Amino acid sequence: MTCLFCRIVAGEIDSDIVYRDEISTAFRDINPQAPVHILVVPNDHIPSVASIAPEQEQLVGHLLHVAGTLAKREGIATRGFRLVVNTGPDAGQSVDHLHVHLLGGRHLSWPPG
C-alpha cells in the first residue's frame, strides 16, 4: 500500500487520530495552517472529488458531518471554521486520497490563496 492516508487509516503510520468509525478517520495535519487543522478522510481509497461515484454520495455527506462534529468538539463551531477540499495539483492536492481539511481557531481571511 503506497497511499499515505491509506497507510494512516490502516495503522501503518503513526498519526494523531482524533476520530474513527467504519466509514472515516480524522487526524491532525502534520503541517497545520491554523490552530485546529484536522483532515477527515474516507477509510476506503478514493483519489479525489473528481472520482466520487454516484453510490458514494452518502460518504461525502458523512465526511462533512464528521467535520462539523469535530468542529464542535474542538470548540471552533461557534466562532466559525472552514472546510477545504482540494482537487488536483493546481488546487494544491498533495495526497491523492479524498480528504476534507477542517481549519479554525483563528480568523481565516478571504480569498484563500
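Here, residue 1 is the first one in the sequence, and each next residue gets the next number. Since we're looking at a predicted model, the values are computed, not measured.
- In terms of hydrophobic clustering, with Ile, Leu, Val, Met, Phe, Trp and Tyr side chains grouped at heavy-atom distances under 4.5 Å, L83 and I52 are assigned to a common cluster.
- Listed for the R73 side chain is a donor-acceptor partner under 3.5 Å among the backbone atoms of V18.
- Summarising the geometry of P32 relative to D29, their closest heavy-atom pair is CD-O, 3.5 Å, with the distance given to 0.1 Å.
- For F27 and F5, the ring centers are positioned less than 6.0 Å apart.
- Here the closest heavy-atom approach between residue H97 and residue P42 is recorded as NE2-O, 2.9 Å.
- The structure places CD1 of I8 at 12.0 Å from CG of N43, a figure rounded to the nearest 0.5 Å.
- No more than 12 heavy atoms of other residues, nucleotides or ligands shown are found within 6.0 angstrom of CG on D90.
- Residues V36 and V66 are members of one and the same hydrophobic cluster, defined by side-chain heavy-atom contacts under 4.5 angstrom among Ile, Leu, Val, Met, Phe, Trp and Tyr.
- Here the side chains of V84 and R82 are in contact, with some heavy-atom distance below 4.5 Å.
- L63 CG to I23 CD1: the interatomic distance, rounded to the nearest 0.5 Å, is 8.5 Å.
- Looking at R7 and T2, their side chains never come closer than 4.5 Å, going by heavy atoms from C-beta outward.
- More than 12 heavy-atom neighbours from other residues, nucleotides or ligands sit within 6.0 angstrom of CD on E55.
- V40 and V49 fall within the same hydrophobic cluster, defined by Ile, Leu, Val, Met, Phe, Trp and Tyr side-chain heavy atoms under 4.5 Å apart, directly or through other members.
- The side-chain heavy atoms of L59 and I46, taken from C-beta on, include a pair separated by under 4.5 Å.
- Separating the CD1 atom in I13 from the CG atom in L4 is a distance of 5.0 Å, to the nearest 0.5 Å.
- Side-chain atoms of R79 never come within 3.5 Å of backbone atoms of H107 as a donor-acceptor pair (strictly under, hydrogens ignored).
- Heavy-atom neighbours of D16 CG from other residues, nucleotides or ligands within 6.0 Å: above the threshold of 12.
- Within the 4.5 Å cutoff, side-chain heavy atoms of T25 are placed close to those of I17.
- Other residues, nucleotides and ligands contribute more than 12 heavy atoms inside 6.0 Å of the CZ atom of R20.
- Linking Ile, Leu, Val, Met, Phe, Trp and Tyr residues whenever their side-chain heavy atoms come within less than 4.5 Å leaves V85 and V9 in two separate clusters.
- The two residues S24 and H62 have their closest heavy-atom pair at OG-NE2, 3.4 Å.
- Heavy atoms only, all atoms of each residue included: A34 and G104 are closest at CB-O, 3.5 Å.
- The line from CG of L102 to CD of E74 is 7.5 Å long, rounded to the nearest 0.5 Å.
- In plain terms, the two heavy atoms of H45 and D96 that are nearest each other are CE1-O, 2.9 Å.
- Using a 4.5 Å cut-off on side-chain heavy atoms (C-beta onward), Q93 and S48 make contact.
- Nearest heavy-atom pair across F81 and I76 is CB-CD1, 3.7 Å.
- With values rounded to the nearest 0.5 angstrom, H37 atom NE2 is found 5.0 Å from H101 atom NE2.
- Distance CG/N86 to CG/L98: 11.0 Å, rounded to 0.5 Å.
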